[in-house]
Amino acid sequence: ISFAIKVPAVPFHTWLPDAHVEAPTPISMILAGVLLKMGGYALMRISYPIFPDAAKWAWFTVAMVGVVSIVYGAFCAMAQKDFKKLVAYSSVSHMGYLLLGMAALSYTGVTGAVFQMFTHGLSSAMLFFIVGVIYDRAHHRDLDNFGGIGLQMPWYTGLATVGFFTSLGLPGLAGFISEALTFIGSWDTSMSLIPERWIIYVSLLGIVLTAVYILWTVKRVYLGTIQEKYKSFRDVSFREVVALAPLALLCVLVGVFPGWAILDHIDSSLKAITDMARTALAN
């Protein structure tokens with residue numbers, strides 16, 4: 001349960017949105033990009049290898065917590081008016097894929113789960129910085145009070161698009177690979193512990209809902225007619241580009257070359273961990 005709080009998994013997620021709203025931008029980036037992954041890492045490195053029997057019989061609980069986190073987090077993100085809270089709830093939704101891949105306990109599912117932690121660390125850190133950039137200029141985060149920012153800040157909008165589409169799971173970007181591996185590993189009838197196909201079908205709803213709130217956010221913030229008070233906004237500074245460009249580059253690089261960039265380096269460790277957890281299946 002303590003690790004589920006850290007993930008954060010529904011219903012143990014309630015601390016996260018408030019923590020992000022109260023935190024300054026750099027702390028939100030560290031929290032989303034690094035600290036949340038400690039929960040998934042601990043489940044993978046500690047809970048599953050030490051308690052393989054529990055991993056065997058608790059697959060339904062872990063899978064359902066993952067499914068609820070995916071769908072509920074996406075619906076909550078869709079309902080937000082605060083730009084930062086939307087990104088926070090999107091983290092809840094995306095970390096649900098981690099639990100789904102772990103519940104399957106197949107090699108591909110576990111790989112997808114771990115890869116999801118890495119790719120979400122890239123996209124979420126980037127999105128929180130994107131929110132921080134616009135907040136620094138507008139001094140508010142009301143999504144309904146923006147519009148047309150893309151006309152005034154084209155470089156910022158281009159970088160933001162990479163971050164949003166990575167979070168959305170667009171093919172060619174890092175988010176697509178991790179989600180695809182998670183679903184393939186969950187569907188694998190020869191390895192997956194998830195025999196119920198409806199669980200995966202419901203999880204797929206998260207992809208649709210993520211597209212809805214991401215595209216709706218892009219429309220409300222960057223497209224449309226710009227308000228007069230935003231016409232004086234400066235585009236991204238050199239310091240902001242230094243923070244955003246490496247994350248955007250990694251989102252593309254990992255999306256195009258996932259094996260060379262990450263998967264080839266973690267494959268042996270993940271197989272060893274998965275084998276330890278799967279020992280209970282033979283009994």
Side-chain angles (χ1 to χ4, degrees), residues 1-23 28 31-44 46-48 51 54-55 57-105 109-110 112-117 119-121 123-124 127-128 167-169 175 178-179 182-183 185-186 193-194 196 198-214 216-217:
I1 291 174
S2 65
F3 296 155
I5 292 170
K6 191 63 178 174
V7 166
V10 175
F12 309 110
H13 68 291
T14 51
W15 63 274
L16 183 71
D18 291 334
H20 276 305
V21 168
E22 296 297 327
S28 287
L31 176 59
V34 180
L35 297 182
L36 297 188
K37 294 7 177 220
M38 293 172 63
Y41 176 85
L43 287 171
M44 191 75 67
I46 299 173
S47 299
Y48 270 46
F51 306 109
W57 61 257
W59 70 265
F60 183 78
T61 301
V62 177
M64 287 309 300
V65 171
V67 170
V68 172
S69 297
I70 292 169
V71 177
Y72 175 77
F75 273 121
C76 286
M78 199 184 306
Q80 298 309 307
K81 303 294 186 184
D82 187 307
F83 202 167
K84 205 172 190 183
K85 270 196 173 183
L86 181 143
V87 178
Y89 275 110
S90 77
S91 292
V92 175
S93 179
H94 281 90
M95 293 307 287
Y97 295 107
L98 159 71
L99 297 175
L100 183 67
M102 289 180 60
L105 206 57
V110 171
V114 173
F115 201 48
Q116 174 71 0
M117 288 195 288
T119 58
H120 177 261
S123 63
S124 62
L127 290 181
F128 278 115
S167 182
L168 183 148
S178 56
E179 292 178 13
T182 301
F183 283 119
S186 302
L193 295 185
I194 303 176
E196 305 292 341
W198 65 266
I199 294 176
I200 302 171
Y201 293 144
V202 175
S203 300
L204 288 168
L205 182 62
I207 297 176
V208 178
L209 296 174
T210 301
V212 171
Y213 71 74
I214 290 292
W216 191 25
T217 299

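All figures in this text were calculated on a predicted structure; none of them were measured in a lab. Just the heavy atoms: all of them, side chains too, but no hydrogens, waters or symmetry mates, feed the values below.
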Taking [X] for its side chain and [Y] for its backbone only, find out whether a donor-acceptor pair lies under 3.5 Å.
{"X": "K37", "Y": "V7", "answer": "no"}
{"X": "S69", "Y": "V92", "answer": "no"}
{"X": "S93", "Y": "S90", "answer": "no"}

> Do W216 and L86 touch side chain to side chain, with heavy atoms closer than 4.5 Å?
Replying inline: no
>> Do Y89 and M78 make a side-chain contact, defined as non-hydrogen atoms from C-beta onward lying under 4.5 Å apart?
In response: no
How long is the gap from [atom1] on [X] to [atom2] on [Y], to the nearest 0.5 Å?
{"X": "I46", "Y": "F3", "atom1": "CD1", "atom2": "CZ", "answer": "4.0 Å"}
{"X": "F83", "Y": "T217", "atom1": "CZ", "atom2": "OG1", "answer": "6.0 Å"}
{"X": "L16", "Y": "L31", "atom1": "CG", "atom2": "CG", "answer": "6.0 Å"}
{"X": "T210", "Y": "L205", "atom1": "OG1", "atom2": "CG", "answer": "9.0 Å"}
{"X": "L100", "Y": "Q116", "atom1": "CG", "atom2": "CD", "answer": "10.5 Å"}
{"X": "S124", "Y": "M95", "atom1": "OG", "atom2": "CE", "answer": "8.5 Å"}

>> F183 vs I207, test: side-chain contact (heavy atoms from CB on, under 4.5 Å). Steps then yes/no.
In response: CA-CA 11 Å; F183 283 119; I207 297 176; 3.5 Å; yes
> Is the number of heavy atoms from other residues, nucleotides or ligands under 6.0 Å of F12 CZ greater than 12?
Replying inline: yes
If you compare all heavy atoms of [X] against all heavy atoms of [Y], which two are closest, and at what distance to 0.1 Å?
{"X": "L193", "Y": "A55", "result": "CD1-O, 4.0 Å"}
{"X": "M64", "Y": "W198", "result": "SD-CH2, 3.7 Å"}
{"X": "I70", "Y": "G206", "result": "CG2-CA, 3.6 Å"}
{"X": "S167", "Y": "E179", "result": "O-OE2, 4.1 Å"}
{"X": "G66", "Y": "L99", "result": "CA-CB, 3.8 Å"}
{"X": "K6", "Y": "W15", "result": "O-CZ2, 4.2 Å"}

> Relative to the ring of F128, is the ring of H20 parallel (under 30°), tilted (30 to 60°) or perpendicular (over 60°)?
Replying inline: parallel
>> Evaluate H120 against Y97 for ring-ring contact (aromatic ring centres under 6.0 Å, His included), listing each step before the verdict.
In response: CA-CA 10 Å; H120 177 261; Y97 295 107; 9.9 Å; no
